[in-house]
Structure formats: structure tokens, C-alpha cells
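Have a look at the structure below before the remarks.
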Amino acid sequence: EPEVTQTPSHQVTQMGQEVILRCVPISNHLYFYWYRQILGQKVEFLVSFYNNEISEKSEIFDDQFSVERPDGSNFTLKIRSTKLEDSAMYFCASRQGFATNEKLFFGSGTQLSVL
Amino acid sequence: QQPVQSPQAVILREGEDAVINCSSSKALYSVHWYRQKHGEAPVFLMILLKGGEQKGHDKISASFNEKKQQSSLYLTASQLSYSGTYFCGTESQAGTALIFGKGTTLSVSS
């Protein structure tokens with residue numbers, strides 16, 4: 001089965017530093033997402049991206065966050081000035097479309113630790 | 001709007017059955033069910049679209065009552081491999097983001 005690839009698998013950073021999380025969605029997918037999961041908690045929606053623009057975002061996705069699709073394959077999440085509470089597992093997901101039975105494919109995640 | 005899942009946790013012996021519920025205060029277009037093992041990404045189980053259908057594979061099935069805006073996941077004759085956290089994700093209309101509930105932790109012991 002095709003896979004969503006995320007790098008790095010672990011990222012440690014100092015508070016106030018910028019981080020970029022990288023994702024390579026499945027090649028023929030059109031819709032891309034970032035979710036995050038604080039340890040032991042639910043999977044929280046951050047942002048969805050379609051046709052080179054943000055289609056939806058949650059309250060969590062404030063001015064410190066941005067997303068980009070710099071080329072035809074990568075999809076990135078940038079956090080400009082990390083805070084301790086940004087520590088979480090960040091999942092990228094992609095979806096081919098919204099037709100019947102279009103599931104989300106999740107990557108294996110990037111564990112971000114902010115010290 | 002976040003769907004509400006119940007119960008929060010279930011403890012089973014192998015072979016026992018469980019039902020996990022997911023409800024929403026908003027009209028739903030679809031409900032997705034995922035299972036997550038500790039330290040891993042969520043794994044897709046099934047999608048149910050509005051229309052009240054019931055789906056299943058192996059010993060895991062689900063129903064969707066669009067009038068009540070509820071879905072239930074049925075796990076029968078549970079196996080050790082069923083252990084994990086089950087999340088329902090809901091879409092209020094096609095094209096909107098999938099919003100997940102807080103999850104139900106299922107523990108199956110031998």
C-alpha cells in the first residue's frame with residue numbers, strides 16, 4: 001500500500017527556535033493535512049491544504065504556524081517560535097479526494113520535543 | 001465540533017464483545033473509525049457515509065444512524081490484537097476536515 005512519509009521521526013529543539021516538519025504525501029493525492037497529538041490525548045486537527053492554499057484551519061493553527069508545498073512532492077509545517085506546549089507527535093495525512101470511501105492515509109509521525 | 005465518544009475505556013477478556021459509541025451535535029456527512037496502537041499512527045478501519053449503512057470486516061463492524069448523528073463500532077469475539085485506542089472522526093460535509101473524538105482505550109487480556 002502507498003505510504004505517507006514524514007521526516008524526521010524525532011526532533012528536539014529549544015524553546016523559541018523555528019522547526020520545519022516535512023512530509024511527502026502519496027503522489028496522486030490532492031488533499032493534505034496536519035494533525036497533532038499530545039501524549040495520551042486525542043488527535044487534533046491543525047490545518048488542511050488543497051490546491052496550494054489552506055482550505056481549513058483550527059484555533060490551534062495561529063500565526064506561529066505555516067504550511068507550504070514548496071515543490072510537487074513535499075508538504076511542510078513550520079513553527080516559527082516553538083513553545084513548550086508545542087511538544088507533541090505531529091502527523092501528516094493525505095487523501096485522494098472526497099469521493100465515497102476516501103480514507104485518510106497517515107504518516108508515522110514526527111515526535112517534537114521542545115525544551 | 002468534536003464528536004463525543006463513549007466509553008472512555010473498556011477492559012475485556014479475549015472472546016468478549018465491545019461497543020464503542022460516537023455522537024455529534026452536528027449533522028454528519030461521514031464517520032471514520034481508526035485504531036491507534038501506542039507510539040504508532042492511526043490505522044484506518046472503515047468509513048460510513050450518511051444513509052444509515054452498516055459495514056464490517058472480520059469481527060469488526062459499525063453502524064451509522066444519521067438521524068441521531070451517532071455511530072457505533074462493534075467488536076465481537078475480541079482478540080489480543082484489538083487492543084489500542086479507537087478514534088472516530090467525523091465530517092460535517094464533504095470536503096471539510098476530519099475531526100476526531102477523544103478516543104476509547106480498549107484493553108484485551110488473555
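Chain identifiers are assigned alphabetically (A, B, ...) following the order of the sequence lines, protein sequences preceding nucleic acid strands; residue numbering begins at 1 within each chain.
- Under the 4.5 Å side-chain heavy-atom criterion for Ile, Leu, Val, Met, Phe, Trp and Tyr, L48(B) and L75(B) are members of the same hydrophobic cluster.
- F32(A) and F45(A) are not part of a single hydrophobic cluster, where members link through side-chain heavy atoms under 4.5 Å apart.
- From F87(B), atom CZ reaches atom CD of Q37(A) across 5.0 Å, with rounding to the nearest 0.5 Å.
- Counting heavy atoms of neighbouring residues, nucleotides and ligands inside a 6.0 Å radius, atom CG of L84(A) exceeds 12 of them.
- Using a 4.5 Å heavy-atom cutoff, the side chains of M46(B) and K103(A) are not in contact.
- Side chain of E56(A) to main chain of A97(B): a donor-acceptor pair is present (N/O by atom type, distance under 3.5 Å, no hydrogens or angles).
- Both I60(B) and V10(B) are members of a single hydrophobic cluster when ILVMFWY side chains are connected at heavy-atom separations under 4.5 Å.
- Around CG of D63(A), the count of heavy atoms belonging to other residues, nucleotides or ligands within 6.0 Å does not exceed 12.
- Within the 4.5 Å cutoff, the side chain of Y34(B) has no heavy atoms near those of the V43(A) side chain.
- Heavy-atom distances place no part of Y50(A) under 4.5 Å from chain B, backbone and side chain included.
- The number of heavy atoms from other shown groups lying within 6.0 Å of CD (Q8(B)) does not exceed 12.
- The 12-atom threshold is exceeded at NZ of K37(B), counting heavy atoms of other residues, nucleotides or ligands nearer than 6.0 Å.
- Under 3.5 Å, the side chains of Q2(B) and K42(A) contain a donor-acceptor pair of N or O atoms.
- There is no contact between Q5(B) and chain A, counting heavy-atom distances below 4.5 Å.
- Hydrophobic clustering (ILVMFWY, side-chain heavy atoms < 4.5 Å, transitive): I38(A) and Y90(A) are in distinct clusters.
- Proximity to chain B at a heavy-atom threshold of 4.5 Å picks out F106(A), G107(A), S108(A) from residues 106-115 of chain A, in numerical order.
- If you take CG on L104(A) and CD on E91(B), they are separated by 8.5 Å, rounding to the nearest 0.5 Å.
- Contacts between residues 12-26 of chain A and chain B, defined by a heavy-atom separation under 4.5 Å, are made by no residue at all.
- For the atom pair Y35(A) OH and L98(B) CG, the distance stands at 4.5 Å (nearest 0.5 Å).
- Cluster membership for V47(A) and Y31(A), using ILVMFWY side-chain heavy atoms within less than 4.5 angstrom, is not shared.
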